[in-house]
Amino acid sequence: MRVNPKYLAILEMVAKIPKGNVSTYGEIASLSGFPRCARLVGTALRSDVSGPRIPWYRVVNSQGKLSFPIGSPKYKIQKQRLVEEGVVFHKGSIDLNQYGWGRDLDKALWS
DNA sequence: GCACTGACTCCCA
DNA sequence: ATGGGAGCCAGTG
């Protein structure tokens with residue numbers, strides 16, 4: 001009810017994002033079994049507003065930025081939340097290469 | 001039931 | 001780097 005099973009997968013995935021890390025909509029979509037359905041993730045999160053239990057703020061777009069208009073209440077909240085978890089905003093953007101979920105490993109290999 | 005919109009992403013000019 | 005177009009699925013009028 002309220003949410004389709006698909007959403008549950010997405011929400012679960014979001015909930016699995018390690019603290020101090022962030023992920024992208026596309027990433028979540030793929031990991032939850034819906035490649036190219038980034039919008040579904042957004043819709044799912046939006047629909048799941050009912051659940052403060054989901055760390056939706058750990059989800060950012062592929063540009064490493066928040067998907068809300070700058071200055072928007074949600075933007076501020078999300079940003080603050082991330083900062084509190086140790087995520088650093090670099091010029092208004094997050095370094096996915098460093099905080100992206102799963103990217104950190106790649107980075108280690110690359111360095 | 002159709003059409004538009006939206007917390008997106010990718011690809012090409 | 002920037003902008004436009006297509007693709008994806010659900011929610012809403």
Side-chain angles (χ1 to χ4, degrees):
Chain A
M1 48 146 293
R2 275 66 131 143
V3 294
N4 285 337
K6 297 185 176 184
Y7 285 14
L8 295 180
I10 295 173
L11 297 176
E12 286 295 303
M13 188 54 62
V14 173
K16 288 179 182 174
I17 301 175
K19 180 169 173 277
N21 277 263
V22 298
S23 189
T24 66
Y25 294 91
E27 199 77 29
I28 294 296
S30 296
L31 292 174
S32 55
F34 308 98
R36 272 171 181 68
C37 297
R39 283 192 131 135
L40 268 290
V41 178
T43 303
L45 291 174
R46 198 188 61 147
S47 298
D48 181 66
V49 174
S50 57
R53 48 207 181 235
I54 304 299
W56 56 270
Y57 51 83
R58 287 182 187 153
V59 184
V60 299
N61 60 27
S62 62
Q63 301 167 51
K65 298 179 186 172
L66 306 189
S67 301
F68 301 106
I70 297 180
S72 193
K74 289 189 173 182
Y75 179 95
K76 296 176 186 171
I77 295 172
Q78 183 168 21
K79 182 185 175 197
Q80 170 145 6
R81 286 283 211 181
L82 292 174
V83 171
E84 287 180 340
E85 298 201 342
V87 176
V88 178
F89 278 68
H90 194 56
K91 292 195 290 262
S93 304
I94 298 173
D95 187 351
L96 290 178
N97 195 50
Q98 190 169 187
Y99 297 103
W101 191 22
R103 304 291 180 185
D104 51 345
L105 294 178
D106 283 349
K107 190 203 71 173
L109 294 176
W110 270 81
S111 57

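Small disclaimer: the values here were computed from a predicted structure and weren't measured. Numbers restart at 1 for each chain; the letters A, B, ... are given by sequence-line order, proteins then strands.
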Contacts under 3.5 angstrom, residues 29-40 of chain A side chains, donor-acceptor by atom type, not counting sequence neighbours:
{"from": "A:S30", "atom 1": "OG", "to": "A:G26", "atom 2": "O", "distance (Å)": "3.2"}
{"from": "A:S32", "atom 1": "OG", "to": "A:I28", "atom 2": "O", "distance (Å)": "2.6"}
{"from": "A:S32", "atom 1": "OG", "to": "A:A29", "atom 2": "O", "distance (Å)": "3.0"}

Quantified in whole Å, what is the P atom distance between nucleotide C:dG5 and nucleotide B:dC4?
16 Å

To the nearest 0.5 Å, how far apart are [atom1] in [X] and [atom2] in [Y]?
X: A:Y57; Y: A:L66; atom1: OH; atom2: CG; answer: 13.0 Å
X: A:K74; Y: A:W56; atom1: NZ; atom2: CH2; answer: 6.5 Å
X: A:Q98; Y: A:N21; atom1: CD; atom2: CG; answer: 10.0 Å
X: A:K6; Y: A:I10; atom1: NZ; atom2: CD1; answer: 9.0 Å

What is the distance, rounded to the nearest whole Å, between atom [atom1] of [X] and atom [atom2] of [N]?
X: A:N61; N: B:dG6; atom1: CG; atom2: P; result: 16 Å
X: A:L96; N: B:dT9; atom1: CG; atom2: P; result: 9 Å
X: A:L11; N: B:dA7; atom1: CG; atom2: P; result: 17 Å
X: A:Y7; N: C:dG11; atom1: OH; atom2: C1'; result: 7 Å
X: A:L45; N: B:dA7; atom1: CG; atom2: P; result: 12 Å
X: A:Q63; N: C:dT2; atom1: CD; atom2: P; result: 10 Å
X: A:I10; N: B:dG6; atom1: CD1; atom2: C1'; result: 14 Å
X: A:K74; N: B:dC8; atom1: NZ; atom2: P; result: 11 Å

Using a cut-off of strictly less than 4.0 Å between a heavy atom of the residue and any atom of DNA chain C, enumerate the qualifying residues of residues 64-73 of chain A by number.
none

Check: C:dG11 base within 3.5 Å donor-acceptor of A:T43 side chain
no

side-chain N/O A:K6 vs C:dC9 OP1/OP2, d < 4.0 Å
no

Any chance you could lay out the side-chain contact (heavy atoms from CB on, under 4.5 Å) test for A:W101 and A:K16, step after step, and finish with the verdict?
CA-CA 10 Å; A:W101 191 22; A:K16 288 179 182 174; 4.1 Å; yes

Identify whether any heavy atom of A:S62 sits under 4.0 Å from a base atom; if not, whether one sits that close to sugar-phosphate; answer base, sugar-phosphate or nothing.
sugar-phosphate

Return yes if some donor-acceptor pair links the side-chain N/O of A:S72 with the main-chain N/O of A:Y75 below 3.5 Å, else return no.
no

Minimum-distance pair of heavy atoms, taken over all atoms of A:R58 and A:I17
NH1-O, 2.8 Å

For nucleotides 5-8 of chain C, print each protein N/O atom paired with a nucleotide N/O atom at under 3.5 Å, atom names and distance only.
{"from": "C:dG7", "atom 1": "O6", "to": "A:R39", "atom 2": "NH1", "distance (Å)": "3.0"}
{"from": "C:dC8", "atom 1": "O4'", "to": "A:R36", "atom 2": "O", "distance (Å)": "3.3"}

Can you find a pair of side-chain heavy atoms, one from A:L11 and one from A:R53, that are under 4.5 Å apart?
no

